[in-house]
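One structure is given here, and the rest of the page talks about it.
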Amino acid sequence: MKCFHFTTSGSGGGGDDEEQEGPVSRKLSWARSLSVASTNLDSRRSEFDTESRRDWADSSELFQDFLTQGRANDLRVFTFSELKSATRGFSRGLMIGEGGFGSVYRGRVKLPDCGSGLDVAIKQLNRNGFQARPLTVYQGHKEWINEVNFLGVVKHENLVKLVGYCADDDERGIQRLLVYELMPNKSLEDHLLNRTASPLPWITRLKIAQDAARGLAYLHEQMEFQLIFRDFKTSNILLDEDFNAKLSDFGLARQGPAAGLGHVSTSVVGTVGYAAPEYVHTGRLTAKSDVWSFGVVLYELITGRRVLERNLPRGEQKLLEWVRPYVSDPKKFHLILDQRLQGQNCMKSAQKLASLANKCLMKHPRSRPKMSEVTQMLGCIIADECQTENVHQEPVGSESGKTTNSNRKKGFDFREMVLRNRSIGKLDWRNWTPSLVRT
């Protein structure tokens, strides 16, 4: 699903708008960019202004200055030739993803502490369409530098790891690439929308939601500075070989409001269907905007449908509008449950998850829970689901199973009596003598 990027009339403008154009500061340093915990990014202007967009030679020089003054300790700087070799010349056979700002390739790079090499995902900024789409490539550069800024200092088990980057400017043109750890099981979106592959089990969906919630809780509440993800969606939730979830694509991430302020005024960016309504209408960004997006993803997990389906009838195209009448009626709830989950006995658990999603989708941002609270509630749902699974998976031949069966045989079997007396068309109470009745 494509991202949108537009400025609202009620965004409140001011000097803290990250998309506002202004003079370029040539005194940027990597040390400054990595000390976001002690500086206020709200006062930082866009790294590129209108003039720099017209003159790429000037912007390339600025990028090089920005990168050569220092870098994060554990990020490796790759050459373009290294990454070209790792992807076999950026072969389409190794392409694993494609977005508005570039393509993602699978590759293998050599690292000093990894003798056999490391499988990675290499994201290349699209530079071919600069003449035709200058604003797109300009925004791509901003996202590239945002990723290096934040992933260079942010470390968490539920955030994708940035291995290194490439920033080469030569006769071949501008080369901007990012190198991530490889996530073999692709994205959550791939699994929800792939109707040919085996569906994700319900308990796996719950654990993926919990992992994603932990990642957002870390960004919102556990760092020295608050970070708002701003583009939370199923395609940005990647899965490793054990289906552990990690958040990816921090190109649109934004530092939260400074102390004493309730929100950040900024241009509206994100993906249609996932952005919180108050953010779309006013441009006021808070961490609760991510909570809204999380609620949307929970309904995608329940229904197995994307947030917007243009091919469906008009009343069913928007996910949140389609599920609304069914969620309030327990008798109809099964109509929105992903059909591929049939037989997994997850109806009660899915209703609890829908209730949590509704809390995240409250109209007023202050009424929505924090992501740490969401994580706890998900933990309770998972614990109940695991307990239910253990009960249903009890061996038939166990001692307790034998006892239960024997008790049932001794007790009053109403169905057996009906079948036995069906020939006479009515129940013959006089011929029934109970040997044992359980009370």
Side-chain angles (χ1 to χ4, degrees), residues 28-37 41 47 63 66-80 82-84 86-87 90 96-97 99 101-114 117-126 139-168 175-187 211-212 214-216 218-219 222-225 227-232 235-241 244-255:
L28 293 173
S29 68
W30 187 271
R32 176 189 170 194
S33 70
L34 295 184
S35 62
V36 287
L41 288 187
E47 286 80 8
F63 254 125
F66 180 79
L67 293 170
T68 55
Q69 292 184 28
R71 62 177 181 272
N73 295 332
D74 57 350
L75 292 183
R76 175 172 176 185
V77 182
F78 293 91
T79 64
F80 180 72
E82 282 182 286
L83 300 184
K84 184 177 181 180
T87 57
F90 299 100
I96 57 177
F101 301 119
S103 303
V104 183
Y105 301 86
R106 181 181 184 128
R108 191 172 184 84
V109 297
K110 295 181 180 179
L111 297 177
D113 55 347
C114 186
L118 179 68
D119 291 327
V120 294
I122 301 172
K123 181 178 180 180
Q124 182 183 32
L125 178 65
N126 185 9
Q139 181 66 19
H141 270 270
K142 289 187 64 180
E143 292 198 13
W144 183 90
I145 209 168
N146 226 20
E147 291 257 349
V148 180
N149 267 341
F150 290 124
L151 288 182
V153 296
V154 174
K155 298 289 184 294
H156 190 266
E157 61 182 356
N158 296 120
L159 305 180
V160 68
K161 180 181 178 182
L162 180 65
V163 178
Y165 62 88
C166 170
D168 283 352
Q175 306 291 349
R176 297 285 179 264
L177 300 97
L178 295 171
V179 182
Y180 305 93
E181 62 174 321
L182 182 66
M183 304 293 283
N185 280 314
K186 300 183 179 181
S187 71
D211 287 344
R214 286 171 177 163
L216 285 180
Y218 173 76
L219 298 177
Q222 300 172 17
M223 298 195 302
E224 295 181 6
F225 61 98
L227 190 63
I228 304 174
F229 193 73
R230 210 160 50 145
D231 196 24
F232 182 82
S235 61
N236 285 339
I237 303 175
L238 302 185
L239 308 173
D240 66 10
E241 62 275 3
N244 298 311
K246 299 185 181 184
L247 306 186
S248 69
D249 200 347
F250 284 71
L252 299 181
R254 173 70 192 266
Q255 188 179 2

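Here the structure is a predicted model, which is why all the values come from computation and not from measurement. For this chain, numbers begin at 1 and follow the sequence in order.
Here the straight-line distance linking atom OG1 of T87 with atom CD1 of I96 works out to 11.0 Å at 0.5 Å rounding. For the atom pair H156 NE2 and Q222 CD, the distance stands at 5.5 Å (nearest 0.5 Å). Note that the CE atom of M183 and the OG atom of S248 stand 8.0 Å from one another [nearest 0.5 Å]. Note: M223 CE to Q255 CD = 8.5 Å, rounded to the nearest 0.5 Å. Rounding to the nearest 0.5 Å places CD of E82 at 3.5 Å from OG1 of T79. Taking CD from E224 and CG from L227, the interatomic distance works out to 13.0 Å, rounded to the nearest 0.5 Å.
By the 4.5 Å heavy-atom criterion applied to side chains, L219 and V154 are counted as neighbours. Residues F229 and N236 have side chains in contact (heavy-atom distance under 4.5 Å, counting atoms from C-beta outward). Considering only heavy atoms from C-beta on, Y180 stays 4.5 Å or farther from I122 through its side chain. Here the side chains of L247 and L238 are not in contact, with every heavy-atom distance at 4.5 Å or above. Counting heavy atoms from C-beta outward, F232 and I237 have side chains that approach closer than 4.5 Å. Two residues are said to be in side-chain contact when any heavy atoms from C-beta on lie closer than 4.5 Å; S103 and Q124 fail this criterion. Proximity of E181 to V160: side-chain heavy atoms (C-beta onward) are separated by under 4.5 Å at one or more points.
Across all non-hydrogen atoms, the minimal contact from Q175 to F80 is OE1-CE1, 3.1 Å. Between R230 and L252, the closest heavy-atom pair is NE-O, 2.7 Å. Across all their heavy atoms, R108 and G117 have their closest contact at NH2-O, 3.4 Å. In terms of heavy-atom proximity, V163 sits nearest to L118 at CG2-CD2, 4.3 Å.
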Pair N244-L239, side-chain contact (heavy atoms from CB on, under 4.5 Å): steps then yes or no
CA-CA 5 Å; N244 298 311; L239 308 173; over 6 Å; no
Pair V179-L162, side-chain contact (heavy atoms from CB on, under 4.5 Å): steps then yes or no:
CA-CA 6 Å; V179 182; L162 180 65; 5.6 Å; no
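Not counting sequence neighbours, E157 has no partner by the side-chain contact (heavy atoms from CB on, under 4.5 Å) test.
Checked by atom type and distance alone, the side chain of D240 never pairs as donor or acceptor with a backbone atom of A245 at under 3.5 Å. R254 contributes no side-chain N or O that, together with a main-chain N or O of I228, makes up a donor-acceptor pair within less than 3.5 Å. Listed for the Y105 side chain is no donor-acceptor partner under 3.5 Å among the backbone atoms of L83. The backbone N or O of K246 lies less than 3.5 Å from no partner atom in the side chain of N158, so there is not a single donor-acceptor pair.
A salt bridge does not link E147 to R176: none of the charged side-chain nitrogens sits closer than 4.0 Å to a carboxylate oxygen.
Residue K186 qualifies as open at atom NZ: its count of foreign heavy atoms under 6.0 Å is 12 or below.
Tested against L177, the residues F90, F78, Y165 include a single side-chain contact (heavy atoms from CB on, under 4.5 Å) partner, F90.
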